[in-house]
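Worksheet: the structure to be examined is printed underneath.
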Amino acid sequence: MALQSTILIVDDEPRGRETLEALLIPLGHRLEFAGSGAQSLEQAKAIQPDLILLDVMMPDMDGFEVCRRLRLDPDLAEVPVFLVTALDDKDSKVKGLESGADDFVSKPYDRIELRARVKTVLRLNRYRRLVSERRRFSNIAEQSPEGFLVVNPKGDIQYANRQARLFLGIPADIPNADCGSFARWADRHYQRKPEGTWSDWNDPRLTMGTARYLVRPAAESSEACWLRVERLDGDLIEGELVHLRDVTKEIEASGQILQFQSVVSRKLRNPVASLIGCLEVALADLPAGTDSDLAELLKLGFENAKRLESDVTDILNYIDAQRKPGPRRSFRLGDLEAKVQQILEEMSMTPASVRVDPILTEARIRLSADSLATVLRELLENSRNFHPSRTPSLGITAGPGSDGKIVLRVADDGVTLSPSQLAHAWAPYYQGNKFSDEEVGMGLGLATVAAIVWNVGGNCRLLNRDPGPGVICEIVLPLQSHGIHAQDSDR
């Protein structure tokens, strides 16, 4: 991205400032002005210009003295200074060089020469500052326990510090200039999550400050690893600065906090269930002639108790989804229809159409029956919440995907979602537009699904049905390896 240079023009005569302004405006740089030597020192300190055009003949403090003072200031000592003078004698030029000037501009000006010299010094100064800043940056970055990358607009790595190379598996003997695409290295060991936030990765205007993750799923010999990937704002260097931070321990710690919260939440479950039962009985046994206000209060209390029960359940499910995977378990796809219909019956929803590709009947996915039930329950509840009458017509299919995975699709006939809703649906506590002013649920349903699926190396995608209305939720899951032991499986 091209940076605009700042030029400070110093002249006590307004006409002198106006002349230089007219000559330099076509170059497209930012022009600042000062009318005296003292003012020029204040301006230079404030704006840190890339070049100073400094008139020599000024009454209070001439250009030679201003230049000497600039060179004594650590912040301004390296700023290029052109002395603007009508003097053409040798002694004046020697005095100017002794004061620290870099070059001279003689009056009257040669327009072409002036612009060429300004362009040259700005380009050289930009390069000098870039080299100096990169050197300072790399010295600091190499000592950091976090990963830092410089990525050009094409997505190629220009620089990777030691920790970033370790995260991405880039060998030490590959020079920075030969690393190639950041995405290529990331995709060798990780999965990009959430997928929707990576589509505009190469457009820094849309992605600055957005948090994304590289997730290495848990395996038999290793735990899951989570890297937070973030573009950082700033003009330290040319190119985009990318920050990689290992947040695995933070996620584990948050899981411990959530477990504590779960203790509190579980304390609510039995009292809430008892409250619902009592209110249900009270409503069913209301004697004839009961005051209508009392009946309405009991009904309102029952509805709010049911809502509280749903929220507590959502919280507990989300907490469970953050925990480390337990022993390897799997689910036989031939049992999917029975599992779906059982969940629908528990949720008092109408039966759904379920179809499993015949070649997958004996295949096993890398999820336990409990985890799959949580995924299905959250997807089905989401379909109900987003249906205008809360009575969706559901179609569930399981078919082969690529790379030894299966694709589970849950389709409904609810509403068509906006691009923003589709992109943010997997984020915790995000709630799309419902069909009343009341909030339904905690906004944890799809976040729970994503946490479960990502931890086993799967993928999630939400898309609108075509033709609509309604959405399709695609869950891509890996098949379990054939070496699973009978005691580890779970139907």
Side-chain angles (χ1 to χ4, degrees), residues 1-135 235-239:
M1 181 174 62
L3 299 177
Q4 187 184 46
S5 296
T6 300
I7 302 174
L8 176 60
I9 297 172
V10 185
D11 197 322
D12 63 315
E13 292 289 340
R15 179 173 296 180
R17 299 194 297 270
E18 293 167 1
T19 300
L20 285 174
E21 179 183 16
L23 290 170
L24 296 178
I25 272 183
L27 298 182
H29 301 301
R30 172 189 172 198
L31 303 181
E32 297 287 343
F33 304 92
S36 68
Q39 185 184 12
S40 71
L41 293 173
E42 294 177 3
Q43 281 278 82
K45 191 77 171 176
I47 65 176
Q48 298 287 310
D50 298 286
L51 171 64
I52 299 176
L53 297 178
L54 178 60
D55 188 47
V56 170
M57 304 302 292
M58 292 187 294
D60 60 332
M61 184 189 302
D62 65 23
F64 300 128
E65 179 61 24
V66 172
C67 196
R68 279 192 289 269
R69 297 195 185 190
L70 288 170
R71 295 307 179 225
L72 293 174
D73 188 323
D75 294 329
L76 302 171
E78 296 185 2
V79 176
V81 176
F82 282 6
L83 286 179
V84 179
T85 178
L87 304 173
D88 197 24
D89 62 280
K90 182 178 178 180
D91 290 343
S92 295
K93 290 189 175 181
V94 169
K95 187 176 179 181
L97 292 172
E98 288 176 345
S99 67
D102 295 277
D103 205 346
F104 293 86
V105 176
S106 298
K107 301 177 182 179
Y109 307 112
D110 182 305
R111 176 174 57 86
I112 296 177
E113 179 187 1
L114 174 64
R115 290 177 180 173
R117 289 165 72 182
V118 167
K119 286 180 181 178
T120 299
V121 77
L122 288 175
R123 183 168 60 250
L124 291 175
N125 188 49
R126 172 86 52 81
Y127 178 76
R128 176 187 59 77
R129 292 177 66 174
L130 174 62
V131 170
S132 176
E133 288 169 353
R134 281 190 171 173
R135 185 181 299 115
D235 6 341
L236 175 65
I237 44 183
E238 290 183 350

For Asp103, give me all partners under side chain to side chain donor-acceptor pair (under 3.5 Å), at least two apart in sequence or on another chain.
Arg117
Could you tell me if the side chain of [Y] sits less than 4.5 Å from the side chain of [X], heavy atoms only?
X: Val10; Y: Val66; result: no
X: Asp55; Y: Arg17; result: no
X: Tyr109; Y: Leu20; result: yes
X: Leu53; Y: Leu8; result: no
X: Phe104; Y: Val84; result: no
X: Asp110; Y: Leu114; result: no
X: Leu83; Y: Phe64; result: yes
X: Val81; Y: Arg71; result: yes

With rounding to the nearest 0.5 angstrom, report the [atom1] to [atom2] distance, [X] to [Y].
X: Asp12; Y: Asp60; atom1: CG; atom2: CG; answer: 8.0 Å
X: Ser36; Y: Met58; atom1: OG; atom2: CE; answer: 7.0 Å
X: Leu70; Y: Ser40; atom1: CG; atom2: OG; answer: 6.5 Å
X: Asp11; Y: Glu18; atom1: CG; atom2: CD; answer: 10.0 Å
X: Asp75; Y: Gln48; atom1: CG; atom2: CD; answer: 5.5 Å

Minimum heavy-atom separation for Ala101 and Cys67, please, with both atom names.
N-SG, 3.4 Å
Give the intermediate values and the outcome of salt bridge (Lys or Arg N to Asp or Glu O under 4.0 Å) for residues Glu65 and Arg69.
CA-CA 6 Å; Glu65 179 61 24; Arg69 297 195 185 190; 3.0 Å; yes
Evaluate Leu122 against His29 for side-chain contact (heavy atoms from CB on, under 4.5 Å), listing each step before the verdict.
CA-CA 10 Å; Leu122 288 175; His29 301 301; 3.4 Å; yes
Closer than 4.0 angstrom, basic N to acidic O: yes or no for [X] and [Y]?
X: Asp50; Y: Lys119; answer: no
X: Glu113; Y: Arg111; answer: no
X: Lys45; Y: Glu42; answer: no

Quick one: side chain to side chain contact (heavy atoms under 4.5 Å, CB included) partners of Pro26, sequence neighbours excluded?
Arg115
Could I get the full list of side chain to side chain contact (heavy atoms under 4.5 Å, CB included) partners for Ile25, not counting sequence neighbours?
Glu21, Leu31
Derivation of the salt bridge (Lys or Arg N to Asp or Glu O under 4.0 Å) call for Lys95 and Glu98:
CA-CA 5 Å; Lys95 187 176 179 181; Glu98 288 176 345; over 6 Å; no
Test side chain to side chain contact (heavy atoms under 4.5 Å, CB included), reference Leu51, set Val79, Thr6, Asp102, Val121, output is Val121
Check against side-chain contact (heavy atoms from CB on, under 4.5 Å), Glu32 and Ile9:
CA-CA 6 Å; Glu32 297 287 343; Ile9 297 172; over 6 Å; no
